[in-house]
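Reviewing the structure listed below.
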Amino acid sequence: MSTPEILQAVKDLVQTPPPTGVRVDRFEIVDEVAELSLSFQAEVLESVLASEVASTGGPADWDDPRAPMDEGSATWAYAGGIAALLHHGYFNQTILAQHEAALDQILTEHGHAGTPVTATATYTAAELMPHYRKLKAEHLEHLSVPEAEKPRR
């Protein structure tokens with residue numbers, strides 16, 4: 001069950017800073033559990049993935065221009081791991097923890113006191129792969145620039 005009033009109240013809560021760049025895709029009560037589906041705005045997702053690759057170095061074959069990027073590849077597995085991390089580690093723990101009390105209040109105000117809330121990300125490896133393909137192309141382009149032409153920091 002989803003009502004426009006509950007959905008709007010949840011959007012008003014979650015989509016305002018902090019954190020910025022998070023949007024509510026769905027909020028619905030199913031089998032006595034409130035299901036909150038979240039995602040990043042496109043530009044924020046790009047930034048999150050770029051930061052994550054920069055901090056980890058990316059998949060094992062990130063520097064190989066001939067490495068495959070289709071299902072079964074190291075990059076595909078990496079994207080699947082990041083999708084799971086966003087779901088379990090970020091949206092279901094961090095974002096939900098930040099808003100848990102307010103979500104409980106919204107549910108109580110709409111006659112659903114005590115309803116547990118779960119938050120999920122709507123990402124899959126397949127949905128993240130276009131972003132990783134773009135990031136890898138940029139990375140490989142940067143690698144191909146001779147040292148003398150690279151900007152100094």
Side-chain angles (χ1 to χ4, degrees), residues 1-2 6-108 112 114-145 150 153:
M1 166 185 32
S2 179
I6 294 176
L7 178 59
Q8 189 57 53
V10 172
K11 283 183 176 184
D12 292 344
L13 170 70
V14 176
Q15 293 180 173
T16 56
T20 58
V22 173
R23 71 175 164 237
V24 174
D25 297 318
R26 184 177 70 87
F27 187 79
E28 192 171 355
I29 300 172
V30 178
D31 296 329
E32 313 270 335
V33 175
E35 297 178 355
L36 174 61
S37 295
L38 302 165
S39 62
F40 287 114
Q41 294 170 353
E43 65 278 0
V44 174
L45 178 61
E46 289 282 336
S47 178
V48 166
L49 296 179
S51 294
E52 169 270 321
V53 166
S55 68
T56 65
D61 61 358
W62 196 242
D63 292 339
D64 182 355
R66 295 176 312 279
M69 293 188 70
D70 49 357
E71 193 168 355
S73 70
T75 302
W76 190 281
Y78 188 84
I82 295 304
L85 178 67
L86 290 173
H87 167 70
H88 296 292
Y90 188 71
F91 289 114
N92 199 35
Q93 292 179 13
T94 305
I95 299 298
L96 189 55
Q98 287 177 347
H99 299 294
E100 191 168 16
L103 288 168
D104 288 343
Q105 182 64 37
I106 289 169
L107 287 164
T108 298
H112 299 283
T115 301
V117 180
T118 182
T120 62
T122 55
Y123 299 113
T124 65
E127 292 166 330
L128 295 181
M129 284 307 295
H131 302 284
Y132 282 114
R133 285 185 181 96
K134 178 182 174 206
L135 289 169
K136 184 170 183 175
E138 291 168 356
H139 171 72
L140 293 173
E141 183 177 308
H142 179 74
L143 286 180
S144 68
V145 175
K150 290 182 181 176
R153 294 184 182 179

Which donor-acceptor pairs under 3.5 Å do side chains of residues 74-83 form with protein atoms, sequence neighbours excluded?
unit_1 : atom_1 : unit_2 : atom_2 : d
Y78    : OH     : E52    : OE2    : 2.0
Y78    : OH     : T56    : OG1    : 2.5

Flag if over 12 foreign heavy atoms under 6.0 Å of CD, E32: no
E100 meets the side-chain hydrogen bond (donor to acceptor under 3.5 Å, both in side chains) criterion, sequence neighbours left out, with none
Listed by chain and number, what are the side-chain contact (heavy atoms from CB on, under 4.5 Å) partners of S47, not counting sequence neighbours? S51
Trace of the side-chain contact (heavy atoms from CB on, under 4.5 Å) decision for R23 with F40: CA-CA 6 Å; R23 71 175 164 237; F40 287 114; over 6 Å; no
Reported [atom1]-to-[atom2] distance for the pair [X] and [Y], which is rounded to 0.5 angstrom:
X	Y	atom1	atom2	result
R26	L38	CZ	CG	10.5 Å
R133	L128	CZ	CG	11.0 Å
L36	I29	CG	CD1	11.5 Å
L103	H112	CG	NE2	13.5 Å

Side chains of [X] and [Y], heavy atoms from C-beta outward: is any pair under 4.5 Å?
X	Y	value
V24	L7	yes
Y132	V53	yes
T115	V33	no
V22	Q41	no
L49	L135	yes

What residue among I106, L13, L107 forms side chain to side chain contact (heavy atoms under 4.5 Å, CB included) with F27? L107
With ring centroids as reference points, do Y123 and Y90 lie under 6.0 angstrom apart? no
Kindly give the heavy-atom pair with the smallest separation between F91 and A121, and that separation in Å. CD1-CB, 3.2 Å
Where K136 and D61 come nearest, the two heavy atoms and their spacing: NZ-O, 3.4 Å
Are H131 and E46 linked by a side-chain donor-acceptor pair shorter than 3.5 Å? yes
Looking at N92 and H87, would you say the former's side chain and the latter's main chain have a donor-acceptor pair under 3.5 Å? no
